[in-house]
2 protein chains.
Amino acid sequence: MDTNPHRISAAESEVMKVLWADSPKAAEDVVAILAKDQGWAEGTVKTLLNRLLNKGAIAADKDGRRFLYRPLIGRDDYVDTESQGLLDRLFDGRLAPLVSHFSKREKLAPEDVAELRRLLEKLDDQ
Amino acid sequence: MDTNPHRISAAESEVMKVLWADSPKAAEDVVAILAKDQGWAEGTVKTLLNRLLNKGAIAADKDGRRFLYRPLIGRDDYVDTESQGLLDRLFDGRLAPLVSHFSKREKLAPEDVAELRRLLEKLDDQ
DNA sequence: ACATTTCGTTTACGCGCGTAATCGTTGGCT
DNA sequence: AGCCAACGATTACGCGCGTAAACGAAATGT
């Protein structure tokens, strides 16, 4: 079904999130953050780092005796793939129907509407 | 990680899609559609129908010798959960940043922009 | 009645994921 | 030189999913 070669899993994306926030980082630091945020044990995070390495999603640069990890794929690209995937699956690949859905479900906060309006105006200007 | 009790998987959602499009339907019809659309074997679809039954996502009403299947959860609810999940994971739970992301990536077709504009106008009117 | 078809149910199986524990290696300390 | 600590790598294991095959019961044709 999902024939995509090397997808980033949910747990893995938490690791990516940490590295996107600030990198490069030693494993120790990633572990510390995810222990706090997700309650994960050291081994868990090490495994995830390795799987991401094998998938080519991050790189590890030797820094003395340890490695420093950094993302190889951009957060924007990731966000893009995920978002487009959802749109494709649920909204015929287009954005407007999603917004329409949220609107119908009354899930549009006034500040969201305001921000959308600003966005559209900016698009007009160019 | 995903502690949600009874999540609808990707393959299962294809079955739901068929039933949402038109129900109730006999297994045979669901099988026929998914054989064509997804290339799935009969057994595969049967399994998915059963898993959905166990999850309480669909119901089966006896119709003579066979069963007719119909969704128990609404498509809108499903779409809602999925969309909100994505927004929560990637966009701090809000819609505007997603639209902004698409805009930045130049993935907004002119007709999307037009449709968004119409939507916002309609929101104004009430 | 019996064989055959038709459905639904049960069982199977490999894979990735979440979650670790354990192993191996290498640099530092005594 | 030998031992310990730190770190990455390897192995483990149960679970759900994708994908079916096999099984069983009920209806139908002959």
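In what follows, chains are A, B, ... by sequence order, proteins preceding strands, each numbered from 1.
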Item to check | Test item: B:S23 side-chain N/O and B:W20 main-chain N/O as donor-acceptor pair under 3.5 Å | outcome: no
Item to check | Length of the CG-P vector between A:D61 and D:dG8, whole Å | outcome: 12 Å
Checklist entry - Given that B:G39 and A:E28 both sit by DNA chain D, which one's nearest nucleotide is further toward the 5' end? => result A:E28
Checklist entry - Counting any heavy atom closer than 4.0 Å, what does B:A60 reach on the DNA or RNA strands: base, sugar-phosphate only, or nothing? => result nothing
Checklist entry - Of all the choices, D:dC17, D:dG8, C:dG8, which nucleotide is nearest to the side chain of B:K46 once you look at every atom? => result C:dG8
Next on the checklist: Measure CG/A:N50 against P/C:dC17 and give the value in whole Å, please.
Outcome noted: 14 Å
Checklist outcome for this item: B:L34 atom CG is separated from D:dA20 atom P, nearest whole Å, by 12 Å
Checklist outcome for this item: Rounded to whole Å, the CZ-P distance (B:R51 to C:dT11) equals 14 Å
Checklist outcome for this item: In whole angstroms, the gap separating P of C:dG8 from CG of B:D63 amounts to 11 Å
Next on the checklist: Determine whether a donor-acceptor pair (N or O, by modelled atom type, separation under 3.5 Å) exists between the side chain of B:K17 and the backbone of A:R89.
Outcome noted: yes
Checklist entry - So, does A:T47 use its side chain to make a donor-acceptor pair with the main chain of A:G43 at under 3.5 Å? => result yes
Next on the checklist: So, OP1 or OP2 of C:dC17: does either fall under 4.0 Å of a side-chain N or O from A:K55?
Outcome noted: yes
Item to check | Value in whole Å for how far the C1' atom of D:dA25 lies from NZ of B:K62 | outcome: 11 Å
Checklist entry - According to a strict under-4.0 Å criterion, is A:T44 in side-chain N/O contact with OP1 or OP2 of C:dA20? => result yes
Item to check | N/O (side chain, B:T47) to phosphate O (OP1/OP2, D:dG18) under 4.0 Å | outcome: no
Checklist entry - Just to confirm, is there a sub-4.0 Å distance from OP1 or OP2 of C:dG18 to any side-chain nitrogen or oxygen of A:W40? => result no
Item to check | Spacing of A:N54 atom CG relative to C:dC17 atom P, expressed in whole Å | outcome: 12 Å
Next on the checklist: Assuming nearest nucleotide by heavy-atom distance, tell me which of A:I8 and A:R65 is located more 5' along DNA chain C.
Outcome noted: A:I8
Next on the checklist: Check the phosphate of D:dC7 against A:R66, side-chain N and O only, distance under 4.0 Å to OP1 or OP2. Yes or no?
Outcome noted: yes
Checklist entry - So, B:E115 side chain and B:D112 main chain: donor-acceptor pair closer than 3.5 Å or not? => result no
Item to check | Step-by-step salt bridge (Lys or Arg N to Asp or Glu O under 4.0 Å) determination, B:E82 to B:R7 | outcome: CA-CA 10 Å; B:E82 294 292 303; B:R7 189 81 203 286; 2.4 Å; yes
Checklist entry - Once you round it to whole Å, what is the distance between P of C:dT6 and CG of B:D29? => result 14 Å
